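Both ligands and their constituent atoms are indexed starting at 1 by order of listing. Keep in mind it's a predicted model, so treat the numbers as computed, not measured.
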Amino acid sequence: MGCYRIAVVSRAVIDPDRIRELEVRENARFVADRPISTALLERSRLTMPRGVPMSWMDDLYEHPPIFVASGHGATITDVDGHEYLDMYVADMSAFCGHAPAAVVEAVGRRMALGNQFLMPGEDAIVVAEHLAARYGMPKWQFTLSATQANTEVIRLARAATGRQRIVLFDGKYHGHGDATLVVLDGDAVVPEEHGLPSWITRDARVIAFNEVEALAAALAPRDVALVLAEPAMTNVGFILPDPGYHEALRRLTRDSGTLLAIDETHTLVTAYGGLTREFGLQPDMLTIGKSIAAGVPLGAYGMTETIAAHIAPPHEHHVISGVAVDQISTGGTLFANALSMAAGRAALLDVLTEDAYVRTAELGRRMADGLRVAIDATGLPWTVVQHGSHAAYVFADQPPRTGAEARAADDPTLRALMRVWMANRGVWESGWWLGPTVSVAHTTADVDRYVRVFGECLADLVAG
Ligand SMILES: Cc1ncc(COP(=O)(O)O)c(C=O)c1O
């Protein structure tokens, strides 16, 4: 992975004894202030591994998980009655804000009329038409999550090109589908976690983002079906593309007969039509999910007419299961269900409006400026990266360009301390891989409060 331009500087500036002292104090306070969550965790451990219904709910935090009672607008409230300003927005899936009125109404109405038929309704057409206009991809299919959208996109690419390999970027995350759960160990591609099939390492190449030469080398054997890329990387901090990088990516994929899919699942919060529209990208496929139905399960992928032609009926009639069928493997019983489509229609048309993006981008700039002022006040040599509603602060004096640089700049202990410190003062900070996001429901006062608490946290870190 070569040499890193970035060195961890935070520890050099913040006294390690101070960090340890604050860790003990803040973690003890976090637990002491939440007796009901603590009791519920004890109870839930009897029936659920790690005491949670999905293990990430424990994994995502160094402090114990809290149990949530409700969410409204830009805030969430836990079962102990603490209200938090939500800067995490459920890993961007709550970008519409919590319980947006238009979606609450649409979901209630749809539920009363029946929610699951395994047949299309008119909402699906409205959503597909809207997405076609918004993202510039003419044809759409729907799933329940972005993971499933990416899984189908990879299958389509393999079927369309007759190739198996995919290219991914170091530090990426595209969901929990087998094919993308690989990482680099030195130069070798290895499974990211346990329980994954061994073929995934053979069929993937993982390269550094923003490095044109590495991309050219990965595509040179002309055996790659698909490059799957976020337009800006959002799961290893926030890495913006170098000028010209996307042009090179499109040119090299076209020259090598490789398809290109842009995963806008996170970046769709940064611009109306995503960065695909803002940067004028021309992918063959585009995936979205999370916030497009205000967190009601809905994933989607758009595609060109050429790709869409591969989603064709089989030549033979179906027989009872047990024989190979000559069609692309897509779909699921609950995919594109009436409730998800109704929520998607309301969220896209009534909440995620062009005006909402103008406003959240303004607030995103205000947030980034405020974070920079707070950082400068302490003399810490940190950087803030921001685009639209999303930002990330980096414990280094320049923004990372690759996943390796982002990891080199990270300091998990410090990040965990800052999160628990802010939680104790009513701010729900984002996860360690991400950075704060302003939702459609946030106000100027919310952003200013976040920046103030962040500044107070830094002042306490460097004190003593
Ligand atoms: C860029 C990107 N794509 C896809 C996904 C998968 O989304 P989901 O977990 O909703 O399937 C994520 C989740 O964080 C993501 O960040």
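- Using a 4.0 Å cut-off between heavy atoms, T287 makes no contact with ligand 1 at all.
- Checked against the 6.0 Å centroid criterion, the rings of H63 and W428 qualify as a close aromatic pair.
- Considering backbone and side-chain atoms alike, N235 places an N or O below 3.5 Å from some N or O of ligand 1.
- Which parts of ligand 1 touch S145 is read off a 4.0 Å heavy-atom cut-off, strictly below it: atoms 11 (O).
- If you look at T234 next to ligand 1, there are no close heavy atoms at all, none under 4.0 Å.
- Listed by number with element, the atoms of ligand 1 under 4.0 angstrom from any heavy atom of G175 are 4 (C), 5 (C), 6 (C).
- Annotation: atom 3 (N) of ligand 1 to nearest protein heavy atom, D263 OD2, 2.6 Å.
- Remark: ligand 1 atoms within the under-4.0 Å shell around heavy atoms of N150 are 3 (N), 4 (C).
- Closest protein heavy atom to atom 15 (C) of ligand 1: Y173 O, 3.7 Å.
- Minimum heavy-atom separation, V394 to W382: O-CB, 3.2 Å.
- For the pair R415 and F395, the cation-pi criterion (under 6.0 Å, within 45° of the ring axis) is fulfilled.
- Atom 4 (C) of ligand 1 has its nearest heavy-atom neighbour, among M92, H176, H174, in H174.
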Exercise. For ring-ring contact (aromatic ring centres under 6.0 Å, His included), just list the numbers for Y301 and F142, CA-CA rounded to whole Å, side-chain angles, deciding distance to a tenth of an Å, and then say yes or no.
Key: CA-CA 7 Å; Y301 54 99; F142 297 90; 8.5 Å; no
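- Both the sub-6.0 Å distance and the 45° axial angle are not jointly satisfied by R359 relative to the ring of Y357.
- Considering T147, I288, L144, L434 only, the shortest heavy-atom separation from atom 9 (O) of ligand 1 involves T147.
- Contact detail for R277 and Y272: the closest heavy-atom pair is CD-O, 3.3 Å.
- Taking the side chain to side chain donor-acceptor pair (under 3.5 Å) definition, one finds that R158 meets it with nothing, sequence neighbours left out.
- For ligand 1, the atoms closer than 4.0 angstrom to any heavy atom of D91 are 14 (O).
- The option with the heavy atom closest to atom 13 (C) of ligand 1, from among E230, H266, K290, K172, is K290.
- Using a 4.5 Å heavy-atom threshold, the side chains of D59 and R50 count as touching.
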